Amino acid sequence: MNPKENAIKWQKKWERAGIFKAKDNIKKNKFYCLEMFPYPSGYLHMGHVRNYSIGDAFARYKRMCGFNVLYPMGYDSFGLPAENAAIKEKADPKKFTEKNIKGIKEQQKLLGWSYDWDREVQTYSPEYYKWNQWIFLKFFKKGLAYKKPGLINWCSKCATVLANEQVVKGACWRCKTEVELKHLDQWYINIKKYAEELLNGIDKLKYWPENVKTMQRNWIGKSHGTTIDFEIVDENGKRTGEKISTFTTRPDTLFGVTYLVFSVEHPMVAKLIKGTKFEKEVKKFVKETIKKSIIERTAEGKEKNGCFLGKYFINPANGEKCPLWVADYALMEYGTGAVMAVPTHDQRDFEFARKYDLPMRIVISAPGEPLDPKKMKKAYEGNGMMVNSGQFDRMNNGKAIEEITKWLIKQKSGKRTVNYKLRDWLISRQRYWGTPIPVVYCDKCGIVAEKEENLPIKLPTDVKFTGKGNPVTTSAKFVNCKCPKCQGKARRETDTMDTFVDSSWYFLRYCSPKDNKKPFNKTKVNYWLPVDQYIGGVEHAVGHLLYARFFTKALRDLGLLDFDEPFTKLLTQGMVTKDGAKMSKSIGNIVDPMQMIDKYGPDTVRVFILFAALPEKELEWNDQGVAGISRFLFRTYNLVDEPRKQKKETGNKEKTLIGKLHRTIQQVTESLDNLELNRAINALMELVSAVNRYREEEVHLNTYKEILRVLTILLSPFAPHIAEEMWHKQKQKGFVSIAKWPAYDKGKIDVKAEACENLIGSVMADIAKVKELAKLDKIKEVKLFVASEWKFKFAKNMKKLLAKTRDVGKIMKEFMQSDLKSYGQEIKKMIPRLIKDPTRLTETILDQKTELKILKAAKEQIESEFSCKLFFEKAEATEEVKAKQAMPGKPALIIN
RNA sequence: GCGGGUGUGCCGGAGUGGUCAAACGGGUCAGGCUUAGGACCUGAUGGCUUAGUGCCUACGCAGGUUCGAACCCUGUCGCCCGCACCA
């Protein structure tokens, strides 16, 4: 059998029979297994192979368990690479994308992943992005999508703005270019409105990995605090009538405020310095700071810089007049963009105050020696007793947070505030290959939404890719349009949507991919969703996974669906590495899945990648390991390809092998349920070894057949093509891919037999030794000494004891006081377990008959193989042996 | 700094209170079978020892709980990942 040819053969048969199609059958139990759809880069890498092999094994398993399984695939096919290719190679992005989809799909089919291809979704098609636009309009009408001027992240290389989530360590997530800040008018989606629900919802995601949940919590970044207003005064203490708001989580330190800083982008800065002698210097400072990149500004351990504004403010707590500064360490994006500074109790303020020699005052006492602002080397950020704080003195600072907030509210200079780090999602992109934002700008009517019936607003095709500016703007036909409201002349929005919009709801489209009236059919979506198992990379923890959750909630509030969370279970698969590093072109350690398939066939690649590590852990690619899997699969296949001649008599290994089979079913089933796929394969390997080891006369033909039949079923989620071929060779009907998953019978799992295995193991070891000796012609007779009597005696006594009393402690005591030597250490080890679970007594300890049986078999084997004679009666042991065998344990081999 | 995770033989990884020198696979070594092949089969693979067997050491490090700990608790160190001048 050629594994690759065999795979292709069965793939064609599956396709013809259409066995993987999901039915919108509302009565049957559904299971929605979803993988993060790929960006079609044209080739499949090992990360894909891992992701989809996990999903496929699971989808196949669930299908075989009788679920109505939805297992779809699609392509996240808008995005920059296609457009960059267009610029570079003068290709059409559409053709480029279609070519790539074709390529990647061929490879996916070759791996035998059991998708329902009828439901394929491609985000670049007008039939799909029409609904992006439709949803956008719904959001727009609800105020969830809006345009506003703002300070945005700009990537000069990609020539577009980026969402917050797309800035990684101050650089563009895609090209790693340092991000600049710019003031621009941009489209946003009001995800912040859902911040609270998104945060609370995390607690309900019981089956999500902890790290992903933590990342989302941190990203949303909720903090409770107080907004405090300060009145601004001039040098003489005269009120200017202006107020400044600050956000703090530590209102207890209010009495320690000695100055206040604005961020350089704060709009009040310019107002306060206008026409003063400070104007020139401050402006210079602000300009220089803004010019610096985010990376530079947020570098670790960076010295803080600032500039005095020439104005002051009044601390409402003590009426003190303190200076106003602008500083580079205050961030416009967080809180109000202004910070009340408490040098003694905040490290950043401390550093700043030291540098510019600003006053410090202790307001919270630390335990131990009293704090001295002059001697302090760092701020004290811990808890303690309030001091220098008027009426709040001697209060615990935790209580003071509450009391001072109450007091501020009463004074009308403060309020409780909940602050989030999460910011609204910036979705407009100044690029071509994306969904056009369906609005127009009319001189008369302003921003006007397109009419629904005009959708889709198709991407223009008469554009030039110059590499400069947004190509969409080069299409006059597209830009110049009519206002949907007044029919007058208007300009069309040329920005396109972030591709993360596309992927925020694609999993809904799979339920009714051809619907041309709605983005998705509500009934079907309510049937299939939420996704039961989602699988993908952890890199989407705060991007895609948060957006998709948001979309679900927003669409729910639009009445389009009836659930709150899209993904019930999430698995983030680990990286695939080679030589200890992530596979990458630059390191040159890439393993091409296609080469592996040519050499070994898809089953080997799949099984290796599932077996080599737990799905969520890092996986080190190992060529030798792959060869090992290939051998395992051949060994398995050979069981049916070259069947042994079975006898139609009941053999002595019957029970053992059936027990092993049921144990395997149990292990594979349980492992699959927990997505521990490596362990499932592990169990299969053990079964194959066990089947390989028995002898013809040991098992009845029917038993043998049944074992192979079930083994084939168990193998099929992992190595479906080989399993099909095996199924076929066994003359089974239909496809094993949709065969019924076997149930295991706990009663058939022969615990006794399993315990025997150990014994057999040791006997076998002895046989091996005998073999060696036999070869050397050194023995004529072999005596096997069995000393197992003690076990049964002991067990009996134990049973009696347990029957008398249930006081385990007492038994323990009695036992420890008794003469251990007479029992031996073996027994000592055994006791507590017996106490723990007396019912296992008969299971753990073999009955004498079984043990003798095994030994008899071993004896026969040895005798026939080596034409020697073997004794194993205790009585035959010589006195000498008895003496040496001070501690009888396992059967021992005596060679005369 | 904060948060999440992790640490077991040559390697990947089992094992989460007792029958454990540690499953299964890979590698290596020895042997078998062979129309010699990257196929298949058997055995060995912590240390010291034996006729059989047994003993010692080991699960990052240090303590603790327990009759008994790789497993539970405390502290500590290393590694990986995420966030980070978030007021």
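Letters A, B, ... mirror the listed sequences (proteins, then strands); counts begin at 1. Computed from a predicted structure; not experimentally measured.
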To the nearest angstrom, how far is [X] atom [atom1] from [N] atom [atom2]?
X: Glu351(A); N: G1(B); atom1: CD; atom2: C1'; value: 12 Å
X: Trp173(A); N: G82(B); atom1: CH2; atom2: C1'; value: 17 Å
X: Arg348(A); N: C85(B); atom1: CZ; atom2: C1'; value: 6 Å
X: Glu676(A); N: C24(B); atom1: CD; atom2: C1'; value: 14 Å
X: Trp219(A); N: C83(B); atom1: CH2; atom2: P; value: 7 Å
X: Lys660(A); N: A23(B); atom1: NZ; atom2: P; value: 14 Å
X: Met215(A); N: C81(B); atom1: CE; atom2: C1'; value: 8 Å

Q: Taking only the side-chain heavy atoms of Lys304(A) (C-beta and beyond), determine which of A87(B), C85(B), G3(B) contains the nearest atom.
A: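 Of the candidates, C85(B) comes closest.
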
Please determine, by modelled atom types, if [X] and [Y] share a side-chain donor-acceptor pair under 3.5 angstrom.
X: Trp219(A); Y: Glu165(A); result: yes
X: Thr405(A); Y: Thr226(A); result: yes
X: Lys355(A); Y: Asn305(A); result: yes

Q. For G9(B), does the glycosidic angle fall within 90° of 0 (syn) or outside that (anti)?
A.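 In terms of base orientation relative to the sugar, G9(B) is syn.
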
Using the [atom1] atoms only, state how far [M] lies from [N], rounded to an integer number of Å.
N: U8(B); M: U57(B); atom1: C1'; answer: 15 Å
N: G32(B); M: C81(B); atom1: C1'; answer: 49 Å
N: C29(B); M: C10(B); atom1: C1'; answer: 13 Å
N: G7(B); M: G13(B); atom1: P; answer: 10 Å
N: G15(B); M: A70(B); atom1: C1'; answer: 9 Å
N: G31(B); M: U66(B); atom1: C1'; answer: 47 Å
N: G12(B); M: C67(B); atom1: C1'; answer: 37 Å
N: U6(B); M: C86(B); atom1: P; answer: 28 Å

Q. Parallel, tilted or perpendicular for His544(A) and His540(A), by the 30°/60° rule?
A.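 Perpendicular.
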
Q) Any ion pair linking Lys378(A) and Asp346(A) (charged N to carboxylate O, less than 4.0 Å)? A)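 The answer is no: the pair does not qualify as a salt bridge.
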
Q) Between Asp328(A) and Lys304(A), is the closest basic N to carboxylate O distance under 4.0 Å? A)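 A salt bridge is absent here (no side-chain N lies under 4.0 Å from a carboxylate O).
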
Side-chain donor or acceptor of [X] paired with backbone N/O of [Y] under 3.5 Å:
X: Thr417(A); Y: Asn419(A); result: no
X: Thr336(A); Y: Ser245(A); result: yes
X: His345(A); Y: Thr253(A); result: no

Q. Could you write nucleotides 5-14 of chain B as a row of B, S and -, 5' to 3', where a protein heavy atom under 4.0 Å of any base atom gives B, of only sugar-phosphate atoms gives S, and otherwise -?
A. -------SSS

(Q) For nucleotides 34-41 of chain B, give me one character per nucleotide, 5' to 3': B if any protein heavy atom sits under 4.0 Å from the base, S if the only such contacts are to the sugar-phosphate, - if neither. (A) -----SSS

Q. Which dot-bracket notation, 5' to 3', represents the base pairing of RNA chain B when pairs are defined as Watson-Crick or G-U with both distances under 3.5 Å, crossing pairs as [ ], and inter-strand pairs as |?
A. ((((((((.[[[..)..(.....]]]((((((.......))))))(((.....)))...[[[[[..)....]]]]])))))))....

Q: Work out which heavy atom in Gly256(A) is nearest to a heavy atom in Pro343(A); give both atom names and the distance.
A: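 Minimum heavy-atom separation between Gly256(A) and Pro343(A): O-CD, 3.9 Å.
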
